Amino acid sequence: MEKITSFTIDHIKLQPGIYVSRKDTVGDSIITTFDLRMTSPNEEPVMNTAEMHTIEHLAATYLRNDPEYKDRIIYFGPMGCRTGFYLLLAGDYESKDIVGLMKAMYEFIRDYKDEVPGASPKDCGNYLDMNLGMANYLAKKYLDEVIYQIDESRLVYPK
C-alpha cells in the first residue's frame with residue numbers, strides 16, 4: 001500500500017503551526033484540509049482527551065457560526081495523535097488565508113468561560129470528558145507561541 005500523505009511529513013522537524021495538509025477535488029470543488037498543529041510531535045506531551053474534546057466543541061461552534069466561513073466548514077476535529085486538529089474547508093486555500101480566522105477562533109476559546117456548548121448527555125456521547133480550564137490555557141499558549149508571531153516556517157511543512 002502507498003503511504004498516506006500525513007505519514008510523509010517529517011514529524012521530527014514539524015513544529016506547531018497552521019499547515020495545508022492536503023487538497024482534494026470533489027466534483028468541481030476543492031476541499032482544503034488544514035493541519036492545526038498545537039504541540040511539537042514527539043517532543044512535548046500530547047493534549048489530554050478532555051481538553052481536546054472541549055476545544056473541539058468550542059471550535060466547531062465558533063466556526064459554524066462565523067459569518068464569513070460558516071458555509072465553507074466541512075469538518076473540525078482532533079488528530080488521533082492528540083497533537084492538534086484538522087480543519088476541512090470547502091475551497092482552495094493556503095495557510096496564510098486562515099490565520100485571521102484561527103486567531104479569532106482561538107481567542108474565543110481562550111476567553112470562553114460559560115457552559116461548553118453541547119456538553120450534556122442529550123447532545124454528546126461523552127459529555128463528562130471536558131476540561132474548559134485546560135482548553136483556555138492551550139488556546140492561549142497556541143496564540144502566544146504560534147499565531148501571534150506566525151511566519152512562513154509555521155505555515156509550510158518542513159522539508
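Being a predicted model, the structure only gives us computed values, none of them experimental.
Side chain of Asp144 to main chain of Lys141: no donor-acceptor pair is present (N/O by atom type, distance under 3.5 Å, no hydrogens or angles). Between the side chain of Glu51 and the main chain of Asn48, a donor-acceptor pair closer than 3.5 Å is present. Under a 3.5 Å cut-off, the side chain of His57 and the backbone N or O of Pro117 do form a donor-acceptor pair. A donor-acceptor contact shorter than 3.5 Å is absent between the side chain of Ser21 and the backbone of Phe34. For His11 (side chain) and Ile9 (main-chain N/O), a donor-acceptor pair under 3.5 Å exists by modelled atom type. No side-chain donor-acceptor contact under 3.5 Å links Arg82 to the backbone of Pro78. The backbone N or O of Ser40 sits less than 3.5 Å from a side-chain atom of Glu44, completing a donor-acceptor pair.
The aromatic rings of Phe85 and Phe76 sit parallel, their planes meeting at an angle under 30°, below the 60° perpendicular limit. Relative ring orientation between Tyr19 and Tyr157 is described as parallel, the plane-to-plane angle staying below 30° on a 0-90° scale split at 30° and 60°.
Between Asn136 and Lys113, the closest side-chain pair of non-hydrogen atoms falls below 4.5 Å.
Ile73 CD1 to Leu63 CG: the interatomic distance, rounded to the nearest 0.5 Å, is 4.5 Å. With values rounded to the nearest 0.5 angstrom, Thr33 atom OG1 is found 10.5 Å from Lys23 atom NZ. Atom CG of Leu132 sits about 13.0 Å away from atom NE2 of His53, to the nearest 0.5 Å. One distance of note links CG of Leu89 with OH of Tyr69; it measures 7.0 Å at 0.5 Å rounding. With rounding to the nearest 0.5 Å, the separation of CG in Leu58 from CG in Asp111 is 11.0 Å. The line from CD of Glu2 to OG1 of Thr8 is 11.0 Å long, rounded to the nearest 0.5 Å.
A donor atom on one side chain and an acceptor atom on the other are found under 3.5 Å apart for Thr49 and Asp129. For the residue pair Arg37 and Tyr142, no side-chain donor N or O sits within less than 3.5 Å of a side-chain acceptor on the partner.
The number of heavy-atom neighbours closer than 6.0 Å to CD of Glu115, taken from other residues, nucleotides and ligands shown, is 12 or below. Within 6.0 Å of the OH atom in Tyr148, the count of heavy atoms belonging to other residues, nucleotides or ligands exceeds 12. Other residues, nucleotides and ligands contribute over 12 non-hydrogen atoms within 6.0 Å of the CD1 atom of Ile4.
Scanning both residues, Val146 and Gly17, for their nearest heavy atoms gives CG1-CA, 3.7 Å. Pairing each heavy atom of Ala139 with each of Ile109, the nearest pair is CB-CG2, 3.6 Å. In plain terms, the two heavy atoms of Val20 and Ser95 that are nearest each other are N-OG, 3.1 Å.
A search for side chain to side chain donor-acceptor pair (under 3.5 Å) contacts involving Tyr137 returns nothing, not counting sequence neighbours. Shown here are the side chain to side chain donor-acceptor pair (under 3.5 Å) partners of Tyr86, two or more places apart in sequence or in another chain: there are none. Taking Ser120 as the reference, Asp123 meet the side chain to side chain donor-acceptor pair (under 3.5 Å) condition, with sequence neighbours excluded.
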(message) Under the criterion side chain to side chain contact (heavy atoms under 4.5 Å, CB included), I'd like the reasoning laid out for Leu88 against Thr32: C-alpha separation, chi angles, the key distance, then a yes or no.
(response) CA-CA 6 Å; Leu88 280 69; Thr32 304; over 6 Å; no
(request) For the pair Leu87 and Ile98, evaluate side chain to side chain contact (heavy atoms under 4.5 Å, CB included) and give the outcome as yes or no after the intermediate values. (result) CA-CA 10 Å; Leu87 169 63; Ile98 67 158; 4.1 Å; yes
(request) Show your working on side chain to side chain contact (heavy atoms under 4.5 Å, CB included) between Glu43 and Gln15 and close with a plain yes or no. (result) CA-CA 10 Å; Glu43 288 182 355; Gln15 292 299 305; 3.7 Å; yes
(request) Dump the intermediate steps for side chain to side chain contact (heavy atoms under 4.5 Å, CB included) on Tyr62 and Tyr112, then the final yes or no. (result) CA-CA 11 Å; Tyr62 180 86; Tyr112 195 85; over 6 Å; no
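Linking ILVMFWY residues whenever their side-chain heavy atoms come closer than 4.5 Å, directly or via other members, places Met105 and Leu143 in the same cluster.
For Glu145 and Lys140, the salt-bridge test fails: no basic side-chain N is under 4.0 Å from an acidic carboxylate O.
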